[in-house]
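Structure first, then comments.
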2 protein chains.
Amino acid sequence: MFAFQNPHPNLIAALESGGYRVTAPRRAIANLLEQKQEGFSVEALSDELPSVGRATVYRTIKLFHAAGVVCKLATINGSHMYSLCRNDHHHHHTVCVECGAVEEFRVDAVERLIRQISEDIPGEIVSHHLELYVNCGACPETKGK
Amino acid sequence: MFAFQNPHPNLIAALESGGYRVTAPRRAIANLLEQKQEGFSVEALSDELPSVGRATVYRTIKLFHAAGVVCKLATINGSHMYSLCRNDHHHHHTVCVECGAVEEFRVDAVERLIRQISEDIPGEIVSHHLELYVNCGACPETKGK
DNA sequence: TTAGATGCAAACGGTTTGCAAACCA
DNA sequence: TGGTTTGCAAACCGTTTGCATCTAA
């Protein structure tokens with residue numbers, strides 16, 4: 001049911017196959033991303049990479065997002081964050097409200113449900129957002145309570 | 001299945017019962033809100049009320065949101081907007097991507113589904129977001145196509 | 001060699017804050 | 001009257017842009 005972290009979401013490959021140059025800053029960003037289990041804001045990412053200009057980090061994440069290798073998700077407070085995309089197919093996310101860990105899940109029942117709702121409302125559903133906020137039960141923050 | 005617009009979400013009453021003062025600017029904002037069928041950004045609202053300071057509009061909407069009489073919802077592009085809350089119970093929204101019209105709906109199947117997913121994932125679901133983006137089929141923008 | 005990528009700094013849009021003046025209860 | 005609320009302007013935060021310089025291909 002779940003797609004837990006596939007070990008090699010290849011960001012560099014995504015650049016190459018998109019016809020983009022593989023530069024030192026992009027490599028540094030990709031390396032950092034590949035070891036992240038949690039969701040992150042571009043700002044925080046940029047702080048972790050002082051040698052790369054802020055604008056470049058924003059531009060690169062936007063690139064990865066367009067290529068479909070990172071996904072954008074909403075936080076509980078309405079701002080948004082990104083996470084590595086480990087799953088080719090349409091999927092949804094759980095976000096731990098304590099530690100920020102992001103998991104992907106794909107439940108066909110969600111799509112079925114949306115199709116069903118679609119029959120009951122006027123107009124046509126063109127897209128949807130679904131995010132689940134959890135206490136993952138595995139992070140130090142949760143265990144400490 | 002739907003909770004279509006209840007005619008009298010009383011914003012002023014919400015202020016009173018919260019122990020807040022009923023002032024002229026707040027009354028003006030409430031009046032404007034009560035005739036809105038669509039979602040709105042605070043900025044746009046403020047532009048429609050040039051006699052009220054921008055900061056006051058932000059503060060007042062935050063107040064109404066805290067009181068549960070307006071709800072915050074995500075747009076398709078990641079920014080967020082508000083809409084009058086016509087339904088006391090937990091509900092979800094459809095947002096027309098053409099005209100911005102917001103409808104509330106409450107489908108028990110959604111909650112049932114979430115409970116079911118809950119059994120399959122580690123940890124505990126503490127909250128969720130679900131938004132459906134539609135072509136409402138009734139707005140001039142849609143009809144024009 | 002050269003189109004594409006970078007870093008900087010300035011501009012941006014939406015939102016919040018500090019503060020003195022105005023106002024409701 | 002006194003504590004709230006207001007408006008203004010300045011500050012703020014995350015993000016984007018213009019531009020001259022650098023670099024991967």
Side-chain angles (χ1 to χ4, degrees), chain A residues 10-33 38-67 69-83 100, chain B residues 11-33 38-67 69-83 95 100:
Chain A
N10 202 332
L11 300 169
I12 297 300
L15 287 178
E16 286 170 340
S17 72
Y20 297 103
R21 293 191 180 169
V22 179
T23 65
R26 286 176 177 172
R27 231 186 278 272
I29 294 166
N31 281 344
L32 184 54
L33 284 191
E38 330 81 48
F40 52 86
S41 66
V42 184
E43 256 233 307
L45 206 60
S46 178
D47 289 344
E48 293 184 63
L49 287 166
S51 64
V52 179
R54 192 148 284 231
T56 299
V57 181
Y58 276 100
R59 287 187 275 231
T60 303
I61 295 300
K62 194 185 281 187
L63 210 60
F64 285 145
H65 180 238
V69 289
V70 309
C71 35
K72 194 186 214 169
L73 45 99
T75 67
I76 205 162
N77 61 56
S79 65
H80 52 284
M81 71 198 315
Y82 292 86
S83 97
Chain B
L11 300 169
I12 297 300
L15 286 178
E16 286 170 340
S17 71
Y20 297 102
R21 293 189 180 169
V22 179
T23 64
R26 287 176 177 171
R27 231 187 279 271
I29 294 166
N31 281 344
L32 184 53
L33 285 191
E38 331 82 46
F40 51 86
S41 67
V42 185
E43 256 233 306
L45 206 61
S46 179
D47 289 345
E48 293 184 62
L49 286 166
S51 65
V52 178
R54 191 148 285 229
T56 299
V57 180
Y58 277 99
R59 287 186 276 230
T60 303
I61 295 300
K62 193 186 280 187
L63 210 60
F64 285 145
H65 180 238
V69 288
V70 309
C71 35
K72 193 186 214 170
L73 45 99
T75 67
I76 205 162
N77 61 56
S79 67
H80 52 282
M81 71 198 316
Y82 292 86
S83 97
V95 185

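Chain letters run A, B, ... following the sequence lines, proteins first, then strands; residues in each count from 1.
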key: Whole-Å gap separating P (D:dG14) and CG (A:Leu45)   = 14 Å
query = Using a cut-off of 4.0 Å on non-hydrogen atoms, how would the nucleic acid contact of B:Ser51 be classed: base, sugar-phosphate, or nothing?
reply = sugar-phosphate
remark   = By nearest-nucleotide position on DNA chain C, the 5'-leaning member of B:Glu43 and A:Gly53 is A:Gly53
request  = Measure from the side-chain heavy atoms of B:Lys62 and tell me the nearest of C:dT16, C:dT6, D:dT15.
outcome  = C:dT16
request  = Report the distance from atom NE2 of B:His65 to atom C1' of C:dT15, rounded to the nearest whole Å.
outcome  = 15 Å
Nucleotide D:dC8, atom C1' - distance to CG of B:Leu49 in whole Å = 17 Å
Under 4.0 angstrom between A:Arg26 side-chain N/O and C:dT6 OP1 or OP2 = yes
ask   = Given atom CD1 of B:Ile29 and atom C1' of D:dG7, what is their separation to the nearest angstrom?
value = 12 Å
message = What's the closest nucleotide to the side chain of A:Thr56 if the choices are C:dG7, D:dT15, D:dG7?
response = C:dG7
remark   = Between B:Gly19 and B:Ala55, the residue closer to the 5' end of DNA chain D by nearest nucleotide is B:Gly19
key: Test item: B:Val70 and B:Ser83 side chains (from C-beta on) under 4.5 Å apart, heavy atoms   = no
Closest heavy-atom pair and its distance - B:Ala14, B:Val69 = CB-CG1, 3.9 Å
query = Would you say the side chain of A:Arg59 and the base of C:dG4 hold a donor-acceptor pair, judged only by whether the two atoms sit under 3.5 Å apart?
reply = no
Separation of atom CE in A:Met81 from atom P in D:dT15, rounded to whole Å = 11 Å
ask   = Counting only heavy atoms not in A:Tyr58, do more than 12 sit closer than 6.0 Å to its OH atom?
value = yes
inquiry  = Has A:Arg26 got a side-chain atom pairing as donor or acceptor with A:Arg21's backbone, closer than 3.5 angstrom?
reply    = yes
inquiry  = Does D:dT15 have OP1 or OP2 under 4.0 Å away from a side-chain N or O of A:Tyr58?
reply    = yes
Find every protein N or O atom lying less than 3.5 Å from an N or O atom of nucleotides 22-25 of chain D, and list the pairs.
from, atom 1, to, atom 2, distance (Å)
D:dT23, O2, A:Arg21, NH1, 3.4
D:dA24, N3, A:Arg21, NH1, 3.2
D:dA25, OP1, A:Val22, N, 3.3

ask   = OH of A:Tyr82 versus P of D:dG14: gap in Å, rounded?
value = 14 Å
request  = Figure out the CZ/C1' separation between B:Arg54 and C:dG14, and round it to whole Å.
outcome  = 9 Å
ask   = Does A:Thr56 use its side chain to pair, donor to acceptor, with the backbone of A:Val52 at less than 3.5 Å?
value = no
query = In terms of ring plane angle, is the pair B:His65 and B:Tyr82 parallel, tilted or perpendicular, where the classes change at 30° and 60°?
reply = perpendicular
query = A:Ser17 side chain to A:Ala13 main-chain N or O, any donor-acceptor pair under 3.5 Å?
reply = yes
message = How many whole angstroms separate atom CG of A:Leu15 from atom C1' of C:dG4?
response = 13 Å
